[in-house]
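Letters go in sequence order (proteins before strands), and every chain restarts at 1.
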2 protein chains.
Amino acid sequence: MAPKRVTLADVAKLAGLSTTAASMILNGRPDTRLSQDAHERVLAAAAELNYRPNVAARGLRTQKTRTIGFISDRVATTRFASGLIEGALAAAGAADHVMLVLETGGEAKLEASALEAVLDRQVDGIVFASMRARELYIPELPAGTRSVLLNATSQGHAVSVLSDEYTGGRTAVEVFARHGFTDGVAVLGYSEEAEHGLFRSVAVSRRVDGVKDALAEHGIDVAVWESVWLWDADTGYVAAKKILRRHPGIRALLCMNDRLAFGAYQAIQEKGLRIPDDISIVSFDNDELASYLRPGLTTVALPHEQMGRHAVSLLLSDDAAPGERLVPMPLIERSSVID
Amino acid sequence: MAPKRVTLADVAKLAGLSTTAASMILNGRPDTRLSQDAHERVLAAAAELNYRPNVAARGLRTQKTRTIGFISDRVATTRFASGLIEGALAAAGAADHVMLVLETGGEAKLEASALEAVLDRQVDGIVFASMRARELYIPELPAGTRSVLLNATSQGHAVSVLSDEYTGGRTAVEVFARHGFTDGVAVLGYSEEAEHGLFRSVAVSRRVDGVKDALAEHGIDVAVWESVWLWDADTGYVAAKKILRRHPGIRALLCMNDRLAFGAYQAIQEKGLRIPDDISIVSFDNDELASYLRPGLTTVALPHEQMGRHAVSLLLSDDAAPGERLVPMPLIERSSVID
DNA sequence: TATATTTGCTAAATCCATTCATCTCGGGGT
DNA sequence: ACCCCGAGATGAATGGATTTAGCAAATATA
């Protein structure tokens with residue numbers, strides 16, 4: 001039914017020229033000495049036949065495929081970090097590239113085969129993404145294969161894109177500072193283990209550092225640091241309940257992420273207290289939840305989409321200077337902080 | 001640094017045979033008459049050099065790339081439907097294929113160029129996915145290009161994978177039936193407009209049909225159908241408040257999706273009522289939210305991952321019979337229904 | 001007028017794997 | 001001694017582009 005693919009040879013024949021000429025013209029090579037007339041004929045022929053170059057054939061010759069590989073642990077999968085893919089996809093599309101997406105679930109065996117799969121397809125570059133900022137082991141790549149780490153770091157000199165957690169931590173505290181809180185503040189989710197570098201991600205400890213420094217600078221007195229290991233809604237609920245019971249004077253609560261905050265909302269509202277009138281809350285991540293909550297949760301956003309975008313444009317640019325690129329974490333103000 | 005790619009010629013040379021022989025042996029062609037000895041030498045050489053075929057070169061010859069295209073409106077992007085990608089990715093990986101993922105945001109111009117981009121790369125098949133089940137327009141594809149619609153339907157005889165909304169609708173009602181509810185039931189989110197086919201998706205009207213039929217069959221009396229247009233947390237909150245005010249006798253609430261249920265929880269708890277003691281709730285989708293809620297929300301799940309998986313295996317199988325493939329919607333029982 | 005340049009264009013090699021068409025060699029049949 | 005046959009293997013064409021090297025005609029230079 002549909003006609004078979006048009007090749008460069010077809011275009012050349014219709015234009016009455018060689019494939020060499022057609023190729024040069026269609027690729028807009030600057031140094032060509034072909035006539036104006038030849039240009040017009042080739043372009044017209046290509047348009048008429050609706051010519052599209054065969055990427056495999058071109059890639060074979062040029063080693064460029066306008067394709068990038070995106071290898072992640074569970075980024076597409078997890079609703080949480082899917083913004084990373086979204087941004088990467090958008091940036092790739094804007095640069096007229098496509099993206100091969102592979103997920104490994106963090107398994108070493110799958111990681112190796114995913115890497116082979118993209119390498120076999122001669123991708124122009126690879127993004128190694130991680131759901132939560134952590135240290136990744138990246139095997140040696142063939143010479144000339146560019147790569148960028150997204151939401152991850154790695155030993156050695158790789159380029160990596162991360163959220164600026166330290167400044168983000170400060171931003172959250174500054175909300176309280178701006179609203180005049182100097183005491184009656186509780187922090188939920190600070191983790192001793194993270195602090196001592198046991199495991200978890202670099203992100204966590206930087207976020208905590210930012211919080212601590214800003215707290216000190218603004219002279220804010222912290223009534224209680226409630227350290228929990230799992231940062232989810234359930235732990236948030238339990239921990240917030242405990243804080244409320246033991247420290248009835250709390251007027252402001254800083255949660256280390258939105259799921260904790262979600263749990264805290266439940267505990268607070270169950271107790272008949274009102275947000276933000278009785279207790280103000282600031283949190284991190286800007287999870288989808290934050291907008292559903294009532295009142296809306298003020299939170300320091302994880303700029304996932306921006307990060308994905310940045311990673312891909314870095315990969316495609318010629319800025320390969322090793323090191324970290326920090327993407328700012330914007331404050332999303334809703335209604336969980338009293339005026 | 002890293003050595004340059006090993007080609008088939010290198011393998012052949014090391015094995016002391018022609019590339020023809022090497023190719024035949026490595027591809028395990030059944031009709032070959034090459035000696036056992038030759039087989040061993042080639043296999044050994046390939047292993048020693050860690051040979052990996054160049055997919056572009058092979059694809060050029062065979063027209064097969066072991067790559068499939070996944071074109072969606074906003075699937076990766078939206079946290080909601082990302083299970084579709086997850087499943088598709090898993091199935092592709094299991095079949096030793098990779099997936100090119102492209103997002104169009106639903107814009108016709110981007111749809112066309114996305115299609116061209118994957119066609120240029122000679123994909124073996126294309127999945128057209130949609131975030132919410134709806135009618136899609138699929139342009140004519142080159143002969144021999146297979147395609148499957150995922151969470152979408154299309155005019156004509158395309159193959160499509162959908163959730164079994166009708167049965168899902170019945171499932172939800174049956175939960176109430178099993179727990180002996182015969183009256184005091186409210187339905188939230190039924191949409192007149194959808195019913196009249198104004199727009200929205202096929203999914204919605206089938207879901208509603210299933211609910212209605214099951215309600216009738218079990219002789220359950222519905223006190224109020226609250227029809228809302230936008231199915232999000234905010235509308236759910238407002239609508240549930242209204243129901244509670246006007247129909248104080250309500251003991252069971254069926255929400256058409258989890259975001260509505262989320263809003264309903266807020267309204268119910270604000271009023272001092274308890275779930276499930278005072279009001280039981282059943283909903284649809286199994287959004288991530290459903291597990292955060294307290295008590296956990298019983299909901300009929302959208303089997304996104306299964307659907308994605310099914311779509312890809314269908315694409316790769318030789319079952320191309322046109323028509324719909326319905327994937328069952330499992331009931332996820334949590335604690336929002338009284339015993 | 002004879003030689004050097006420039007202009008406009010093309011033949012052929014190349015990228016790498018697959019595959020069709022043959023080719024060689026040794027043994028069996030007559 | 002001659003032909004045939006099959007096992008074992010390979011040369012060369014193929015797919016569709018890019019790119020190097022170079023040819024022929026037109027123009028400029030001496």
Whole angstrom value for the distance that separates [atom2] of [N] from [atom1] of [X]:
X: B:R121; N: D:dG16; atom1: CZ; atom2: P; value: 17 Å
X: B:Q36; N: D:dG8; atom1: CD; atom2: C1'; value: 13 Å
X: A:Q122; N: D:dA17; atom1: CD; atom2: P; value: 17 Å
X: B:I25; N: D:dT10; atom1: CD1; atom2: C1'; value: 12 Å
X: A:L49; N: D:dG16; atom1: CG; atom2: P; value: 14 Å
X: B:K64; N: D:dG15; atom1: NZ; atom2: P; value: 17 Å

Quiz item: On DNA chain D, nearest-nucleotide positions of B:G16 versus A:A56: which is more 5'?
Solution: B:G16
Quiz item: At under 4.0 Å between heavy atoms, what does A:A38 touch on the DNA or RNA strands: base, sugar-phosphate, or nothing?
Solution: sugar-phosphate
Quiz prompt | Atom of B:T104, atom of B:A114 and distance for their closest heavy-atom approach | solution = CG2-CB, 4.0 Å
Acceptor/donor pairs from residues 56-63 of chain A side chains to any protein atom, 3.5 angstrom cut, sequence neighbours excluded:
{"residue": "A:T62", "atom": "OG1", "partner": "A:R58", "partner atom": "O", "Å": "2.9"}
{"residue": "A:T62", "atom": "OG1", "partner": "A:K64", "partner atom": "N", "Å": "3.1"}
{"residue": "A:T62", "atom": "OG1", "partner": "A:K64", "partner atom": "O", "Å": "3.4"}

Quiz item: Do the side-chain N and O atoms of B:E324 and B:S160 include a donor-acceptor pair separated by under 3.5 angstrom?
Solution: no
What are the atom names and distances for every N/O pair under 3.5 Å that joins the protein to nucleotides 18-21 of chain D?
{"residue": "D:dT18", "atom": "OP1", "partner": "A:N27", "partner atom": "OD1", "Å": "3.4"}
{"residue": "D:dT18", "atom": "OP1", "partner": "A:N27", "partner atom": "ND2", "Å": "3.0"}
{"residue": "D:dT18", "atom": "OP1", "partner": "A:R58", "partner atom": "NE", "Å": "3.0"}
{"residue": "D:dT18", "atom": "OP1", "partner": "A:R58", "partner atom": "NH2", "Å": "3.2"}
{"residue": "D:dT18", "atom": "OP2", "partner": "A:S23", "partner atom": "OG", "Å": "2.6"}
{"residue": "D:dT18", "atom": "OP2", "partner": "A:N27", "partner atom": "ND2", "Å": "3.2"}
{"residue": "D:dT18", "atom": "O2", "partner": "A:R61", "partner atom": "NH1", "Å": "2.4"}
{"residue": "D:dT19", "atom": "OP2", "partner": "A:R29", "partner atom": "NH1", "Å": "2.7"}
{"residue": "D:dT19", "atom": "O4'", "partner": "A:R61", "partner atom": "NH1", "Å": "3.2"}
{"residue": "D:dT19", "atom": "O4", "partner": "A:T20", "partner atom": "OG1", "Å": "3.0"}

Quiz item: Using 4.0 Å as the upper bound for N to carboxylate O, is an ion pair formed by A:R134 and A:D73?
Solution: yes
Exercise. Please check if the side chain of B:D124 supplies one atom and the backbone of B:I68 the other of a donor-acceptor pair under 3.5 Å.
Key: no
Quiz item: Does anyone know the first and last nucleotide of DNA chain C in reach of chain B, 5' to 3', at under 4.0 angstrom to a heavy atom?
Solution: C:dC16 to C:dC20
Quiz prompt | Spacing of CE belonging to A:M307 relative to CG belonging to A:L150, to within rounding of 0.5 Å | solution = 5.5 Å
Quiz item: In Å, rounded to the nearest 0.5 Å, how long is the span from CG of A:L14 to CD of A:E48?
Solution: 5.0 Å
Practice problem: For a side chain to side chain contact (heavy atoms under 4.5 Å, CB included) with A:L84, tell me which candidate from A:H304, A:M131, A:Q306 qualifies. | Solution: A:H304
Practice problem: Could you walk me through whether B:R121 and B:T67 pass the side chain to side chain contact (heavy atoms under 4.5 Å, CB included) test, one step at a time? | Solution: CA-CA 9 Å; B:R121 286 169 179 80; B:T67 301; over 6 Å; no
